[in-house]
Amino acid sequence: MTTPRSIVCSSRVLAAVLATGTLLTTAACSSAEDGASAGSETASAAVERARATQTGSPTSTASSPTASSSASQLTETGAKNALITAADIEDNWTQVENPQAWKDSLLVGKVDVAAFVTGKSDAQDCQNLVGSLYDETLLGSTSGASALTGFQEDDARLLYQVASYDKAALDKSMTSLQSLPDTCDQFTLTGGDNGDRTVQVVAMSLPDVGDARQGMTVTVKGDSNGRPVTLTVDVAVVQVGANAITVTNGGTAGISHDTTTTAVKQGTQRLQEVLAGGTPQPTPSGIN
């Protein structure tokens, strides 16, 4: 006489589920019954369904929540909130009113830095790097919100930008920047009223923050108004999704790499907090 299908539980299913407890055994037997009627479910699938019955978790990765949610879109208000403050970079930095004007004329002592870095190079990428040291074009055109601030301390100037870009274009810009310490390690800038200037580009280490980052120190040597001038500037960029922060820090009397590092750390933290829907405090914790 044939045993009714409703009371049959495959010995292979039982062997697979006994170790997981009585509840799994019962569920697996039910799964085996369903599989026999459908003629398609395997013993391992039955065990998996039984385990899901006990834990209440789905077995399909398609129905599971994603590991991380996408960041919110950067708004104009968010970009302004993400800007660093004088407290973020410590020392005696003073915020200036109109850093946008630096790209046209930036006087540091008696040196017009904007004119000093304006010139031509045989390599377009190298020329673009030097020409964008104190303006908003280092990463190309923005596609969304953007905010800019600037600070001064004696003969040093710090320009700081937060902006949103087309993601593909930003990825390409970051790849290009990462190659500049090799392709533009030393070159000559010509033209203008300052004669030939020698430019050196050296890679600079940055804190491990954001999705991608690139730091470099640019040194421009030449004459201005008949006097020798050496301009040393840190350039630091950190990408967070389709957004980025850009730091240009330096001057004609040396440079503080620690200030650049601090601006990168605090600035990335502020941007990430804004993208998560928060509002950064005026003075971040740990800064006196």
Side-chain angles (χ1 to χ4, degrees), residues 68-90 93-106 114 128-129 131-153 157-177 206-207 209-215 233-250 259-287:
S68 61
S69 58
S70 59
S72 61
Q73 183 175 3
L74 186 67
T75 65
E76 292 292 340
T77 299
K80 292 178 181 178
N81 288 337
L83 291 173
I84 59 171
T85 67
D88 290 312
I89 48 179
E90 301 180 289
W93 291 93
T94 302
Q95 189 169 6
V96 301
E97 292 185 0
N98 188 25
Q100 290 87 347
W102 284 356
K103 60 185 176 183
D104 299 319
S105 179
L106 173 59
N128 291 343
L129 169 64
S132 61
L133 287 179
Y134 286 103
D135 68 19
E136 307 162 57
T137 63
L138 182 65
L139 292 174
S141 300
T142 62
S143 65
S146 178
L148 189 74
T149 190
F151 307 87
Q152 66 179 28
E153 183 184 42
R157 302 291 184 271
L158 190 151
L159 187 69
Y160 189 93
Q161 182 183 18
V162 176
S164 179
Y165 301 85
D166 173 78
K167 179 62 164 56
L170 179 58
D171 290 341
K172 184 176 180 180
S173 294
M174 291 298 297
T175 299
S176 178
L177 281 180
L206 294 180
V209 294
D211 300 327
R213 67 213 61 84
Q214 178 59 45
V233 179
D234 280 345
V235 178
V237 180
V238 177
Q239 179 181 3
V240 180
N243 314 287
I245 64 171
T246 304
V247 182
T248 302
N249 168 43
T259 296
T260 304
T261 298
T262 300
V264 164
K265 286 182 178 179
Q266 298 296 337
T268 303
Q269 179 179 326
R270 293 176 71 87
L271 176 57
Q272 289 173 330
E273 187 172 347
V274 165
L275 291 173
T279 301
Q281 295 299 312
T283 304
S285 59
I287 300 294

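- Taking the side chain to side chain contact (heavy atoms under 4.5 Å, CB included) definition, one finds that Ala236 meets it with Leu206, Val247, Thr260, Val264, sequence neighbours left out.
- Atom CG of Asp135 sits about 8.5 Å away from atom OG1 of Thr248, to the nearest 0.5 Å.
- Counting all heavy atoms, side chain and backbone alike, Tyr160 lies closest to Thr268 at OH-N, 4.3 Å.
- Asp211 contributes atom CG, which lies 7.5 Å from atom NZ of Lys167 (distance to the nearest 0.5 angstrom).
- Considering every non-hydrogen atom in both Tyr165 and Ala244, the closest pair reads CE1-CB, 4.0 Å.
- For Ala145, the side chain to side chain contact (heavy atoms under 4.5 Å, CB included) partners are Leu74, Glu76, Ala79, not counting sequence neighbours.
- Of all the heavy atoms in Ala114 and Lys103, the pair that sits closest is CB-O, 3.9 Å.
- The shortest non-hydrogen separation linking Ile89 to Ile84 is CG2-CD1, 3.9 Å.
- No side-chain donor-acceptor contact under 3.5 Å links Asp171 to the backbone of Ala168.
- In this structure, CG in Asp88 is found 11.5 Å from CD in Gln281, a value given to the nearest 0.5 Å.
- For the atom pair CG of Asn128 and CG of Leu133, the computed distance is 11.0 Å after rounding to the nearest 0.5 Å.
- What you find for Ala163 and Thr142 is that their closest heavy atoms are CB-CG2, 3.5 Å.
- Thr149 and Gln95 are linked by a side-chain donor-acceptor pair at a separation below 3.5 angstrom, with hydrogens and angles left out of the test.
- In this view, Ser132 satisfies the side chain to side chain donor-acceptor pair (under 3.5 Å) rule with no residue, not counting sequence neighbours.
- Remark: Leu139 CG to Ile245 CD1 distance equals 10.5 Å, nearest 0.5 Å.
- With a 4.5 Å cut-off on side-chain heavy atoms, Gln214 and Gln239 do not count as touching.
- In terms of heavy atoms, Arg270 sits closest to Thr85 at NH2-CG2, 4.3 Å.
- With a 4.5 Å cut-off on side-chain heavy atoms, Asn249 and Trp93 count as touching.
- The closest side-chain heavy-atom distance from Val162 to Leu148 is not below 4.5 Å.
- To the nearest 0.5 Å, the span separating CD on Gln266 from CD on Glu90 amounts to 8.0 Å.
- The closest side-chain heavy-atom distance from Asp234 to Thr261 is not below 4.5 Å.
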